[in-house]
Amino acid sequence: MERGHDAMRWVRLAGTAFVLVVGWIFVAWQNRFHITAPVVFACIAYFAVVMVVWNLWRTGATAVSADQYGEEAWVRPVGARDMLEKEKRTLFKAIREAEFDRDMGKLSKADAAAMIKTYKDRAIEVIKALEGAERTSATVREKIEREVKARVQVDSKRKGAKA
Amino acid sequence: MTQTGAVPFSPIALVGTIALLSAYALAAWCAAAGIAGNSLKSRRFVSSSVYGLYGFNALISLASALMIYAFVTHDFAIKYVAETSDVTMPTSYKVTAFWGGLDGSLLFWVLVLALFSTVAIAVNHKRHRDMIGYVVATIMIVQIFFLSLLIFTKNPFATFLTTPPVDGKGLNPLLQNYWMVIHPPSLYTGFVAATIPFAFAIGALASGRLDDLWLGSVRVWMLICFGFLALGLILGGRWAYEELGWGGYWAWDPVENAGFMPWFTATAFLHSAIIQEQRGTMKIWNLALVVTTFFLTIFGTFMTRSGAVKSVHAFGADNVLAMQFIAFLGLIAVVSIGLIVYRANKLSSKAKFDSFMSREFAFLINNWILLACAFFVLFATMWPTITEAFGSREELDAKFFNKWMPTLGILLLFLAGAAPLLAWRKTTRERLWNQFLIPLAATAVTVGLLLVVFPQTKHLSPIFADKVKVPLSLIVFGTVAFCFASIGQEFWRGTAVRMRQTNGDPVSSMLALLLMKRRKYGGYIVHLGVAVLFIGFAGKAYDRMLDRTIEKPGVAAADGSGASSFSFGDYTFSYEKLIHTSDDHKDAISAQVGIWQDGDRIATVYPAKWDFHKAEQQMTTEVAITVRPAEDVYVVLTGFDLDQKVANFRVYLNPLILWVWVGFIILAIGTLICLIPQSLVDMVTWKPKSPLGRAVDVGIVAGIVVAMVLGVASQAHAGPPPAGAEHVPAGMGMTGENDGWAAKNRPENDTQARAMNELSCPCGCPHQTIYDCPCKTAADLRRKVMDLMSGTDLSTPEARQKAYDAVLAQFVTEYGQEVLSTPKSKVSWLLPSLAVVGALGVLVGFGRRWIVHSHGPAAVAPTADSGAKPDDDDYADKLEDELSRTD
């Protein structure tokens, strides 16, 4: 499904489009360019034929293609990080919803404050856990990139302070 | 089409069959590659299955285009084309004949699923690549099932073995109606859309990815399922209202019920999915609802296509098809339940409900009632089949449903108004009062006003049993007022909050609120639509009917009176002309009728009978409806004699029925608002976007506008006939099986009417009693009732009851229990009661278990120790920063 930098892709697409248009013109020409219901459905059928050929070729070609990206890496692992991200989003929504309910009068200020505090406490825990997971799961390259980025930021702040 | 000797040959049939066979093989490959791809973590196989699914779509599109091509080019060598079309049919009906019969409808099903699955997979294949192979495999296994029906049992490309006919038989005249052009595809689309959530649910279970990510992907498809099922049901109702001429739009026919059952469970899922998102609980429940919805769509298809139930809409009995469906239903049940049990440990959630007075608990009750509705309808629809299996068949007619369903409907309507007023987790007592004050006041004022201004709303209707009577319509109007006030208050207060937050004006704040929280406020608009629908339903309690025969047409006086006139309700009807016209396709006999009110002519209508040349024994009724906000004036020409100019009319006054169609339009608008994609909101809010993306958004907006315009309920029916009448034989229309009988043998007293209302017509009409049914059989049976009661003492209530019982006993002796419209079996009444009581018991039981009796708010999804330090400024700042980017 990953297209990568396949230079031939556009050639194939253009060729398919050419075959499609030529076929449609042929169908219309056979019917003296009178666009009737049979002509319309014949054109749809021809379009379907082209799509069948195109997709069958892709189906077969993909199945026998060499692995380009690494099979194991391709399938996203089921990790705790995604669960934490989801929990964070849910907590943020819950905070916003509680604030909205409070402003609409459905929750008292005290109830809303207690509820939001609970959510926020948990959200901070989740953010910390996410950062921990990021630190442990990063590759060497990512760690170097992060370090460089942090140093650039510090330098730019220092320059800003001097200015 | 060419012929080789006497054996017809159709290249279209040949290529079409090859396309179906190729699709079958490709589907098998996709299923195998999808399962292998995800289980072996192989990108190549998963990608191959995805591309294979696109190829499958192309093959089915090819077969469908060829099928329609065969219709429009009159390729009568193909049996299906010959059986459902003819040369004279308009092109639009030739195209729709594609799904007009069983074989074509199955191909259409496969086509819609192929198109939907292509879109669903194209949108989701990157996001869900660890489960997309399973999803493709599930969809393809469903497709293999339907394709196997097509290829081995119901091939729409099958050709005649001998010389084909010169012309086809034509489409069933009842289906040659513009509502039928869009009603079946809408319903099929709703059915098919349920397959996508099911496939994602199975994919999530098989892959073990049971977080909420799959839920987000399927919610949209379930909403599409909900919307199209509602559209299909309402269009079917509109079609029945205009085409069948019995004055109503809903008769609890098994085919209608087949679409209604998954609609209930889809609605339940749309609510319970919100609980999972908000609270991280009810995972098993949501999976079960997705599976149940899909199961019910297949079960509904089984009901209508296998002959398991009797209906005017069903395709007829087919035992082979029935066995195939039963096997597939068994497979669905075994695989789904097996996977849920296998993943049970991952599906358990620790979060509990904090209070009964919370929105999530209101949603839970809503879920239980919706499920009760679905299973009640399922039970009652299948009851005749179940009883037949154990002896004598017992029919349950519309009255049985109408004694149970309104109560459940009112409870749902109340919840539609009450749930938005509750906060998540817990609503304190004082806040509860603050929220409910205005809606309750609106209810009280409405009920008080109705009692004073419209005392007829006190009319008592039976619920549960004949002897339990309540002012149902008054309760409905009160609940509708509660719902209106509640939703209005939500919009009002929400807009006020938004105005305070953004310093905006009321209009832009409300629009922003609608766009930013479109699922919530779109849902409220759906609730409003449902409330308006209920106004229409309440009007049913006061509808009236009159049959009248007029010997000859005439000119009415200035106020409408005259020898050819009759009065009913506030109206006078004058029969002015009987007109006959003819075209290649049909003969049309129309009566010109003037409608007068308070001395003014308010309308001229043309109720008609159409006699299609290809179906001479099946005249269709073209009713004339004058739509008014307070009531529809519905005129039916039930019979005529062209020589004598005698005409029989049946007039219905249907109060508030317009609001059924208006309510649906509001519901559709709410559904469309819920479906607005974020990209469209971004475009409206002028965020930078690519030109292509903007073009797509503009297309979506245009699509929504077109859909809304097309969805506007129109006033239908028989318009004035064209000039150029031709001669037809005298007496036409009075000799047909369905003509002129409605007015014959009408009851002479209340006891006869009561007995006629209790006896079902055995002619196959949609659950009509002999009192209502316009056929000859009903007229004969009415005569029989009158004969049985003639000379009987009816002077006292006891004598009347005795006569009534004697007539019913006589009919049961002759026709069996199934002739009774209300079953006498105690079991049929007992089981729903037990189901409701049982459901309440389970509800209370679960509720008690789920509720956490604590005063403070419960911890959220306690997956880790809650040890956050509020004084941790860095993280608090970070939290606020991220929170500011959340709407």
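We name chains A, B, ... by the order of the sequence lines, and we start the count at 1 in each one. Here the structure is a predicted model, which is why all the values come from computation and not from measurement.
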How long is the gap from [atom1] on [X] to [atom2] on [Y], to the nearest 0.5 Å?
X       : Y       : atom1 : atom2 : result
K94(B)  : F41(A)  : NZ    : CZ    : 12.0 Å
K106(A) : L422(B) : NZ    : CG    : 8.0 Å
L59(B)  : M51(A)  : CG    : CE    : 12.0 Å
L879(B) : F92(A)  : CG    : CZ    : 5.0 Å
R493(B) : D101(A) : CZ    : CG    : 12.0 Å

Any heavy-atom pair between the side chains of [Y] and [X] that's under 4.5 Å?
X       : Y       : value
R431(B) : R102(A) : no
E99(A)  : Q501(B) : no
M104(A) : W492(B) : no
Y51(B)  : L56(A)  : no
V50(B)  : T62(A)  : no

- Message: Donor-acceptor pair, distance only, cut-off 3.5 Å: does the side chain of R500(B) make one with the backbone of D103(A)?
- Response: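 Such a contact is found between R500(B) side chain and D103(A) backbone.
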*Taking atom CZ of F33(A) as the centre, does the number of heavy atoms from other residues, nucleotides or ligands within less than 6.0 Å exceed 12?*
yes
query = Is it the case that more than 12 heavy atoms not belonging to M357(B) sit under 6.0 Å from its CE atom?
reply =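 Atom CE in M357(B) is not crowded, with 12 or fewer foreign heavy atoms closer than 6.0 Å.
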**Study point:** Closest-packed option against chain A by number of heavy-atom pairs under 4.5 Å, given C30(B), A423(B), A496(B)
**Key:**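 Of the options given, most contacts go to A423(B).
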I need the residue from L421(B), T73(B), L66(B) with the largest number of non-hydrogen atom pairs under 4.5 Å to chain A.
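Option with the greatest count: L421(B).
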| request: Report yes or no: is the cationic atom of K517(B) (NZ for Lys, CZ for Arg) closer than 6.0 Å to the six-membered ring centre of F100(A), at no more than 45° off its axis? | output: yes
Bottom line for V15(B): the part with an atom under 4.5 Å from chain A's heavy atoms is neither
Okay, L513(B) and chain A: the region with an atom under 4.5 Å from a heavy atom over there is side chain
What pair of heavy atoms forms the shortest contact from [X] to [Y], and how long is it?
X      : Y      : result
A37(A) : T91(B) : CB-CG2, 3.8 Å
A45(A) : L62(B) : O-CD1, 3.4 Å
S48(B) : A63(A) : OG-CB, 3.6 Å
I44(A) : A65(B) : CG2-CB, 3.9 Å

**Report entry** Partner chain B: residue of G105(A), A123(A), A98(A) with the largest heavy-atom pair count (under 4.5 Å)
**Finding:**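 If we count pairs closer than 4.5 Å to chain B, G105(A) comes out on top.
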Chain B shares the most heavy-atom pairs under 4.5 Å, among V64(A), V50(A), T36(A), V52(A), with V52(A)
- Message: If I measure from the heavy atoms of chain B, does I95(A) come under 4.5 Å with its side chain, its backbone, both, or neither?
- Response: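 Contact with chain B involves the side chain of I95(A) alone.
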